[in-house]
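Everything on this sheet refers to the single structure shown next.
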Amino acid sequence: MKDKIKSLIDLSQIEPEALKQIYDVASLDIVKKLAIMPDVHTGYDLCIGGVALVEDHISPSFVGYDIGCGMCFVNTGVKKEEIFRSRKEREKIAQQIYKAIPVGNNIRKKPLDYKPFKSASGDKNLTKKVNDKLYHSLGTLGSGNHFIEIGENLEGYVCITIHSGSRNIGHSIASYYMKKGRFLPLKSDIGQAYIQDMNFALEYALENRLTMMKEILKILGFTEKEAKKIIKKTLINENHNHAVITEEGVLHRKGATPADEGQLGIIPANMRDGVYVTVGLGNKEFLSSASHGAGRVLSRRKAKELIDLEEFKKVMDSADIVAKVSPSTLDEAPFAYKDINQVIEAQRGVVVEIIDQVKPVINIKG
DNA sequence: ATGTAC
């Protein structure tokens with residue numbers, strides 16, 4: 001059983017509950033390989049930061065609730081000084097973003113256009129449930145670790161990163177299929193239906209991020225034409241909750257950045273340290289995957305209990321980052337996360353190379 | 001991870 005598990009972090013460093021999940025999953029005959037990322041923590045069924053190769057079956061719970069959750073990134077090609085001259089200006093832009101993009105539990109009052117969903121399983125309730133919120137949820141950020149970040153890369157160019165998922169749409173699809181079984185045979189109607197509906201959620205999550213990306217570029221003063229060009233030329237899109245059918249089996253990633261050879265990805269650190277741009281090395285031992293973040297050291301509850309708001313404010317101010325520093329974001333403070341350098345070093349040259357790094361200027365959160 | 005909704 002243990003030879004199925006390949007971990008980028010010492011197993012002794014993993015929280016007991018997540019470790020139990022790892023052994024439970026690895027003990028299943030149907031699971032051929034299990035790769036563990038350094039930001040691993042307890043999730044529903046398969047741990048977050050877990051990548052599982054499964055034989056002939058697809059598992060809704062191995063993909064998780066936020067199907068298609070992931071990152072979009074662009075490099076505007078404009079230097080920081082050309083857009084941001086003062087802190088006041090940055091604060092104004094942050095305000096404009098909060099005004100244009102619903103965050104947290106909020107969705108749009110006025111719906112945006114998107115092609116309707118029809119459940120491949122034929123379930124009328126699921127179809128209705130998804131379509132009900134489809135247009136209102138598009139272009140909304142969500143909560144938790146989801147964020148919008150405007151930052152400066154190593155060359156001084158303004159880059160935009162968005163971390164968000166499929167909102168209620170993916171959640172509805174995920175819950176519906178999780179009730180159908182832990183593993184759905186690929187050669188079954190329900191398995192095929194899940195694949196189709198999961199793919200819809202992946203597409204929707206990308207559209208969700210792109211909608212926000214276009215709005216942000218507009219707020220930064222780019223014309224529609226310029227925005228299109230920036231996206232076309234520089235977009236990195238990657239999602240860390242999905243399943244892919246491969247020749248070796250069904251590859252499920254839950255909280256893991258795809259790192260096929262040459263594949264670009266984004267690994268976020270935390271609100272203060274920004275994001276890393278990665279290129280995959282296609283390391284099959286680790287199922288061509290990398291971490292999807294730094295990983296928490298404090299649970300959300302503990303973070304709110306232990307972290308001092310003033311301390312949080314101090315580090316964000318000294319890095320001159322405009323961000324929502326409040327009791328509601330204490331659980332997202334840098335101290336709630338592992339030291340990103342260690343997490344990166346555990347992966348550099350093994351599953352990815354780092355090709356760029358972006359320091360935050362503005363961080364938007366739910 | 002998520003719509004004030006069984």
Side-chain angles (χ1 to χ4, degrees), chain A residues 17-18 21 37 39-51 59-72 101-112 114 116-117 119 123-148 162-179 194 197-198 200-209 211-212 238-243 252-257 268 270 291-296 299-301 303-304 328-329 331-332 336-337 364-366:
Chain A
E17 212 182 331
Q21 292 184 321
M37 304 298 115
D39 57 342
V40 56
H41 58 277
T42 309
Y44 176 65
D45 199 3
L46 176 64
C47 60
I48 294 157
V51 185
S59 169
S61 62
F62 278 22
V63 173
Y65 280 100
D66 194 357
I67 303 168
C69 181
M71 320 292 296
C72 271
I101 298 175
V103 305
N105 284 325
N106 301 311
I107 55 173
R108 286 175 194 274
K109 291 191 182 76
K110 273 200 240 156
L112 294 174
Y114 196 67
F117 169 81
S119 168
D123 188 284
K124 288 207 171 60
N125 289 330
L126 178 60
T127 300
K128 187 184 177 306
K129 205 176 181 199
V130 170
N131 282 328
D132 220 30
K133 291 286 181 293
L134 198 55
Y135 311 98
H136 295 78
S137 294
L138 192 63
T140 68
L141 186 64
S143 54
N145 56 3
H146 288 179
F147 67 86
I148 292 167
I162 299 176
H163 178 200
S164 185
S166 51
R167 311 290 287 120
N168 187 256
I169 278 69
H171 190 274
S172 300
I173 292 170
S175 350
Y176 174 83
Y177 286 98
M178 280 183 203
K179 285 186 205 125
Y194 175 68
D197 290 355
M198 176 197 70
F200 179 88
L202 294 181
E203 196 186 304
Y204 183 86
L206 167 59
E207 203 54 44
N208 181 38
R209 293 190 289 271
T211 302
M212 289 185 271
E238 147 263 297
N239 77 74
H240 43 238
N241 294 352
H242 60 210
H252 300 73
R253 288 192 180 93
K254 188 194 273 184
T257 303
N270 59 62
S291 82
H292 78 317
R296 304 192 76 85
S299 67
R300 292 199 180 275
R301 195 172 51 84
K304 294 215 174 189
S328 70
T329 54
D331 54 351
E332 285 293 312
Y337 286 92
I364 306 286
K365 261 190 187 292

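Quick caveat: nothing in here was measured; it's all calculated off a predicted structure.
- Between the C1' atom of B:dA1 and the NZ atom of A:Lys254 lies a distance of 10 Å, rounded to the nearest Å.
- We find that the ring of A:His136 and the base of B:dG3 do not stack by the test of centres under 5.5 angstrom and planes tilted less than 30°.
- In this structure, A:Lys128 atom NZ and B:dC6 atom C1' are separated by 14 Å, rounded to whole Å.
- Between the CG atom in A:Asn270 and the CZ atom in A:Arg296 there is a gap of 10.5 Å [rounded to 0.5 Å].
- Taking the six-membered ring for Trp and thresholds of 30 and 60 degrees, A:Tyr65 and A:His171 have nearly parallel ring planes, at less than 30 degrees apart.
- Residue contacts for A:Ser143: at a heavy-atom cut-off of 4.0 Å it reaches the sugar-phosphate backbone alone, with no base atom in range.
- Among the atoms of the strands shown, none is found under 4.0 Å from any heavy atom of A:Gly43.
- Atom CG in A:Asn241 sits about 11 Å away from atom P in B:dT2, given to the nearest Å.
- Computed from coordinates, the A:Arg108 CZ to B:dG3 P distance equals 13 Å when rounded to whole Å.
- Nucleic acid contact class of A:Asn145 (heavy atoms, under 4.0 Å, all strands): sugar-phosphate only.
- For the pair A:His171 NE2 and B:dT4 P, the computed distance is 13 Å after rounding to whole Å.
- The residue A:Arg300 sits close only to the backbone: its heavy atoms come under 4.0 Å of sugar-phosphate atoms, none of a base.
- Close to B:dA1, at under 4.0 Å from its OP1 or OP2, lies no side-chain N or O of A:Arg167.
- Within the 4.0 angstrom heavy-atom criterion, no nucleotide atom of any strand lies near A:Ser172.
- Rounded to whole Å, the distance from OH on A:Tyr176 to P on B:dA1 is 26 Å.
- Taking a 6.0 Å sphere around CD of A:Glu17, one finds it holds 12 or fewer heavy atoms contributed by other residues, nucleotides or ligands.
- Looking at heavy-atom distances under 4.0 Å, A:His146 makes contact with sugar-phosphate atoms alone, never a base.
- Formation of a donor-acceptor pair under 3.5 Å by the A:Asn131 side chain with backbone atoms of A:Phe117 is found in this model.
- Note: A:Asn145 CG to A:Tyr337 OH = 5.0 Å, rounded to the nearest 0.5 Å.
- Taking 4.0 angstrom as the limit, A:Ser137 places a side-chain polar atom (N or O) nearer than this to OP1 or OP2 of B:dG3.
- Taking atom CD1 on A:Ile173 and atom P on B:dA1, their separation rounds to 18 Å, with Å as the unit.
- Residues A:Asn105 and A:Gly144 each lie close to DNA chain B; by heavy-atom proximity, the contact nearer the 5' end of the strand is made by A:Gly144.
- Of the candidate nucleotides B:dA1, B:dT4, B:dT2, B:dA1 has the atom nearest to the side chain of A:Tyr65.
- With rounding to whole Å, A:His240 atom NE2 is found 8 Å from B:dA1 atom P.
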